[in-house]
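Sequence lines set the chain letters: A, B, ... in the order given, protein chains first and strands last, and positions in each chain run from 1.
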Number of protein chains: 2
Amino acid sequence: MNIGAVAEASELPTKTVRYYADIGLVTPSGRSSSGYRVYGKSELRKLIFVRRARSFGFSVEECRELLGLYADRDRSSRDVKRLAVQRIEEIENKMRELQSLHDELSHLANTCHGDDRPDCPIISGLAS
Amino acid sequence: MNIGAVAEASELPTKTVRYYADIGLVTPSGRSSSGYRVYGKSELRKLIFVRRARSFGFSVEECRELLGLYADRDRSSRDVKRLAVQRIEEIENKMRELQSLHDELSHLANTCHGDDRPDCPIISGLAS
DNA sequence: ATAAGGTTTCCACTTACTGGAAGGTCAAGG
DNA sequence: CCTTGACCTTCCAGTAAGTGGAAACCTTAT
């Protein structure tokens with residue numbers, strides 16, 4: 001598989017696949033005679049894994065760690081669970097923050113008449 | 001006020017205040033004879049405004065726009081409300097995403113025994 | 001043979017700062 | 001008067017995770 005094919009199969013932009021190769025996160029299995037990156041099934045699986053893990057909010061470095069655990073099936077699941085639980089807590093914090101942001105902002109927006117008058121509770125709310 | 005004072009008063013890092021000056025978001029009212037940035041009450045108000053708007057998720061460029069509206073009290077509140085409503089929708093989208101992320105991830109974490117056994121549903125869940 | 005499209009490398013740009021180095025300034029204490 | 005320490009200046013570099021573009025090479029089809 002060339003980079004375009006593996007990019008499509010993994011649902012990642014070509015640029016991103018190349019970037020992952022550059023940073024050594026998922027390296028191609030080899031190069032063609034003309035220098036094209038060549039990927040196999042196992043790299044494809046890793047790329048899909050990374051895409052999903054990234055969408056779960058794992059950082060690239062965490063993906064690297066996860067990929068290490070993934071590759072080494074002798075590792076305990078404890079390490080993996082630790083990472084996941086940490087992520088869950090971060091997500092919960094982020095959601096709480098967003099909730100209060102949302103509440104404050106919609107309160108302001110609701111009290112704003114949104115017409116041509118210059119008075120705006122959003123502006124004064126932010127300023128106060 | 002020197003930069004340290006205005007930074008403390010606005011609850012922003014000095015570096016950030018300097019950065020805002022560099023990008024022309026909040027420029028000091030002048031410079032002292034020795035080249036120190038000098039800030040007045042009006043700049044302090046703007047910095048506080050920006051800090052709050054940033055904490056609401058407005059980008060720096062949106063802050064610039066907001067600051068323009070803020071400065072020009074003849075502007076209608078429609079423009080401001082438009083920005084705010086847009087932000088609220090983005091926040092709601094983000095929260096929905098986070099919610100499904102959270103649900104999926106906690107499902108995986110809950111089914112993971114988290115012991116020394118190498119089998120891990122999180123890993124296989126991400127891989128599938 | 002040529003055109004289209006895929007691939008290569010390299011470099012710059014993005015967001016919103018943050019850290020650090022080298023050096024100038026200011027106020028207080030000895 | 002001198003020094004010390006806190007504060008200030010500019011400039012350079014780096015962060016995360018890519019994205020965009022340019023110039024040139026490769027492959028495939030017509």
*Take atom CG of B/N2 and atom P of C/dC26, then tell me their distance rounded to the nearest Å.*
9 Å
*Measuring from A/S55:OG to A/E11:CD, what's the distance to the nearest 0.5 Å?*
10.5 Å
*Got a salt bridge between B/K46 and B/E43, using NZ or NE/NH1/NH2 to carboxylate O under 4.0 Å?*
no
*List the steps and the verdict of side chain to side chain contact (heavy atoms under 4.5 Å, CB included) for B/T16 and B/R51.*
CA-CA 10 Å; B/T16 301; B/R51 178 177 51 73; over 6 Å; no
*When you measure from the side chain of A/R18, which nucleotide among C/dC10, C/dA16, C/dT8 comes out closest?*
C/dT8
*Establish, with yes or no, whether the OP1 or OP2 oxygen of C/dC17 is under 4.0 angstrom from a side-chain nitrogen or oxygen of B/Y20.*
yes
*Mind checking whether B/V26 and B/F49 have side chains closer than 4.5 Å, heavy atoms only?*
no
*Upstream residue (5' side of DNA chain C) when B/P13 and A/I3 are each assigned their closest nucleotide*: A/I3
*Do B/N93 and B/E89 have side-chain atoms, one donor and one acceptor, less than 3.5 Å apart?*
no
*Between C/dA16 atom C1' and B/E61 atom CD, what is the distance in whole Å?*
11 Å
*Mind calculating the distance between CZ (B/R64) and C1' (C/dT15) to the nearest angstrom?*
13 Å
*Is the distance from OP1 or OP2 of C/dG6 to the nearest side-chain N or O of A/T14 less than 4.0 Å?*
no
*Kindly indicate whether the side chain of A/V38, heavy atoms from C-beta on, has any atom under 4.5 Å from the side chain of A/P28.*
no
*When rounded to the nearest 0.5 angstrom, what distance separates CD in A/E61 from CG in A/L25?*
8.0 Å
*Given atom OH of A/Y19 and atom P of C/dC11, what is their separation to the nearest angstrom?*
17 Å
_At less than 4.0 Å, is any side-chain N or O atom of A/R37 found next to OP1 or OP2 of C/dT8? Yes or no._
yes
*Check every strand shown and say whether A/S59 touches a base, only sugar-phosphate, or nothing at a heavy-atom separation below 4.0 Å.*
sugar-phosphate
*Anything under 4.0 Å to a heavy atom of chain A counts; send over the first and last such nucleotide of DNA chain D, read 5' to 3'.*
D/dA17 to D/dT27
*Roughly how many Å is it from CD1 in B/I23 to C1' in C/dA16, rounded to a whole number?*
8 Å
*For A/Y36 and C/dT7, what is the distance between atoms OH and P respectively, to the nearest whole Å?*
7 Å
*What is the distance, rounded to the nearest whole Å, between atom NZ of A/K15 and atom P of C/dC13?*
14 Å
